[in-house]
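In the text below, chain A, chain B and the rest are named by the order of the sequence lines, each starting its count at 1.
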Protein chains: 2
Amino acid sequence: MPISRSDPETAVAAAEADDAGRGYVLDEQIGFVLRRAYQRNSMIFAERVPGPLTPTQFSVMCRLDEAGPLSQNRLGRSVAMDAATTKGVVDRLIGRGLLATRRDPEDGRRHLVYLTAAGAELIDAARPAAAEVTEETLAPLTAPERRRLLHLLSKLA
Amino acid sequence: MPISRSDPETAVAAAEADDAGRGYVLDEQIGFVLRRAYQRNSMIFAERVPGPLTPTQFSVMCRLDEAGPLSQNRLGRSVAMDAATTKGVVDRLIGRGLLATRRDPEDGRRHLVYLTAAGAELIDAARPAAAEVTEETLAPLTAPERRRLLHLLSKLA
DNA sequence: TATTGTTATACTCTATAACTATA
DNA sequence: TATAGTTATAGAGTATAACAATA
């Protein structure tokens, strides 16, 4: 802990002012801890989820399953990926026969992305596994702690 | 959006087997939220930290600054990266003249990694910026919330 | 034999910029 | 002009596996 936290306001002010670097401890930084937590989650994900699907691929397919066909841009935004990233992820899934696209009759610029039968089948099998990933990731926490963590993290995103 | 569950037997079995997947909402999963939070942190990092250094590169240099010269493997473990990843990160930083290595006189297998003068100078400039990144990332939270979040996240890693 | 480090390979994610097609 | 999508390019992080050198 860098500085005395007896007074939160003072602590924050100090962190911004002169103390911005003094007392900086890597292991206590939000970015460092976030990376490690996400890394552990990803490892558990790779162990448990069939396909194999990466977390990002799963997100895309899960979203399509929840929301139905979406244009590539909307799909990407809904899972927080930019257009180029989305295209890469979608292309790989199309190549594996899990997704397909068709032109939007309402707007010729749009390519609606949707799950193929194989994709729908896989996501049905993957979702319970993904639920287990969540469970295992959160295993060190009690139920109230889990809710609190999710709530706090949501505020950051 | 599951497949049709009209078959009664299948439906019952599915009700239990699927229980982990029913009510699964992507946006509420710890992995999804972690990825978004880390992504936002990384974006802020890229905006503010000079070098430019990525969060991972910064971690490595910051650790060396805190702990002094380390063997490549120990360095990697201390920032939660495997040997191959560590090598990639270290090589890029060596290529930029920010790190250097020398053989450990005590153990010929080891390459001690250390900050060059340029590296030490850069990390001194980057640390205050990184402190600002932490501040900006956590801006939506009060001081007690920040402590709680860090504490909960630490339990996951 | 165990540890440290290297190398090769592969995949994935991310972003920027320039471009085409459509509204 | 604005939006949707594509393509090219570049840089990174991650992991596995096979290998060499050293202890």
Side-chain angles (χ1 to χ4, degrees), chain A residues 31-32 34-47 49 51-61 69-96 99 101-113, chain B residues 31-32 34-36 38-47 49 51-61 69-96 98-99 101-113:
Chain A
F32 188 75
L34 279 174
R35 176 178 144 269
R36 292 216 326 214
Y38 182 58
Q39 187 177 270
R40 171 151 171 281
N41 176 261
S42 300
M43 211 126 69
I44 296 169
F45 198 96
E47 281 167 9
V49 177
L53 294 175
T54 65
T56 312
Q57 291 170 339
F58 174 79
S59 293
V60 162
M61 294 180 64
L70 292 172
S71 79
Q72 206 161 268
N73 274 2
R74 275 197 67 193
L75 171 59
R77 279 194 298 270
S78 77
V79 292
M81 304 191 307
D82 73 8
T85 302
T86 306
K87 177 161 170 47
V89 174
V90 166
D91 280 354
R92 276 172 230 123
L93 292 173
I94 289 176
R96 289 166 62 183
L99 301 183
T101 59
R102 62 168 182 267
R103 279 206 115 78
D104 184 343
E106 320 241 314
D107 185 336
R109 294 169 304 180
R110 291 187 174 139
H111 293 197
L112 290 177
V113 184
Chain B
F32 188 75
L34 280 172
R35 177 176 145 270
R36 293 220 321 218
Y38 182 59
Q39 187 178 270
R40 172 150 171 281
N41 175 260
S42 300
M43 211 124 71
I44 297 169
F45 199 97
E47 281 166 10
V49 177
L53 294 176
T54 66
T56 311
Q57 291 169 342
F58 173 81
S59 293
V60 162
M61 294 181 64
L70 291 174
S71 80
Q72 206 163 269
N73 275 2
R74 275 196 66 191
L75 172 59
R77 279 194 298 270
S78 80
V79 292
M81 304 190 309
D82 73 8
T85 302
T86 306
K87 177 158 172 51
V89 173
V90 167
D91 279 355
R92 274 170 230 125
L93 293 173
I94 289 176
R96 290 165 62 181
L98 300 171
L99 301 184
T101 59
R102 62 168 183 269
R103 281 206 112 76
D104 183 344
E106 319 240 315
D107 185 337
R109 294 169 304 181
R110 290 188 174 137
H111 293 199
L112 289 176
V113 184

- Query: Partners of B/Thr86 by side-chain hydrogen bond (donor to acceptor under 3.5 Å, both in side chains), sequence neighbours excluded?
  - Reply: none
- Query: Pick the nucleotide of DNA chain C nearest each of B/Gln72 and A/Thr86; which residue has the one closer to the 5' end?
  - Reply: B/Gln72
- Expressed in angstrom and rounded to an integer, what is the separation of A/Gln57 atom CD from C/dT14 atom P? 12 Å
- Query: At what distance, to the nearest 0.5 angstrom, does CG of A/Leu93 lie from CE of A/Met61?
  - Reply: 6.0 Å
- Query: Please give, in whole Å, the distance from D/dA23 P to B/Asn73 CG?
  - Reply: 15 Å
- Under 4.0 Å protein heavy-atom contact, by nucleotide of nucleotides 16-23 of chain C - B base, S sugar-phosphate only: B----BBS
- Message: Any base atoms under 4.0 Å from B/Ser42, or only sugar-phosphate, or nothing? Heavy atoms, all strands.
- Response: nothing
- Item | Any A/Arg110 side-chain N or O less than 4.0 Å from OP1/OP2 of D/dT3 | no
- Query: Can you tell which of A/Thr85, A/Asp91, A/Val90 makes a side chain to side chain contact (heavy atoms under 4.5 Å, CB included) with A/Lys87?
  - Reply: A/Asp91
- Message: Under the rule for side-chain contact (heavy atoms from CB on, under 4.5 Å), what residues qualify as partners of A/Asp104, not counting sequence neighbours?
- Response: A/Glu106, A/Asp107, A/Arg110, A/Leu112
- So, is B/Thr54 close to the D/dG11 phosphate, meaning a side-chain N or O under 4.0 Å from OP1 or OP2? no
- Taking only side-chain nitrogens and oxygens of A/Arg35, does any of them come within less than 4.0 Å of OP1 or OP2 of D/dT14? yes
- Task: For A/Thr56, report the nucleic acid contact type (base, sugar-phosphate, nothing); a contact means any heavy atom under 4.0 Å.
- Result: sugar-phosphate
- Under 4.0 Å between any heavy atoms, over every strand shown, what does A/Thr85 touch: base, sugar-phosphate, or nothing? Just pick one. base
- Criterion side chain to side chain contact (heavy atoms under 4.5 Å, CB included) against B/Val89, the qualifying member of B/Ile94, B/Val79, B/Thr56: B/Thr56
- Message: I want to confirm an ordering. Mapping B/Ala80 and A/Asp91 to their closest nucleotides on DNA chain D, which one lands closer to the 5' end?
- Response: A/Asp91
- Would you mind reading off the distance between B/His111 atom NE2 and D/dA20 atom C1', rounded to a whole angstrom? 11 Å
- Short side-chain N/O contact to C/dT7 OP1/OP2 from B/Lys87, under 4.0 Å: yes
- From OH of A/Tyr38 across to P of D/dA12 the rounded distance in Å is 20 Å
- Query: DNA chain C: B/Gln39 or B/Arg74, which has the more 5' nearest nucleotide?
  - Reply: B/Arg74
- Message: With a 4.0 Å limit, can you tell me whether A/Arg92 has a side-chain N or O closer than that to the phosphate oxygens OP1/OP2 of C/dC13?
- Response: yes
- Query: To the nearest angstrom, how far is B/Arg102 atom CZ from C/dG5 atom P?
  - Reply: 14 Å
- Item | Partner set under ring-ring contact (aromatic ring centres under 6.0 Å, His included) for A/Phe58, not counting sequence neighbours | A/Phe45, B/Tyr24
- Looking at residues at least two apart in the chain, or sitting in another chain, which of them share a side-chain contact (heavy atoms from CB on, under 4.5 Å) with A/Arg103? A/His111
- Message: Between C1' on C/dC11 and CG on A/Leu53, what's the gap in Å once rounded to a whole number?
- Response: 14 Å
- Please report, rounded to the nearest Å, how far the C1' atom of C/dC11 is from the CE atom of A/Met43. 17 Å
- Note on the structure: Contacts of B/Ala80 meeting side-chain contact (heavy atoms from CB on, under 4.5 Å) (sequence neighbours excluded), chain-then-number -> A/Arg35, A/Arg36, A/Gln39
- Rounded to whole Å, CZ of A/Arg96 lies from P of C/dC11 at a distance of 11 Å
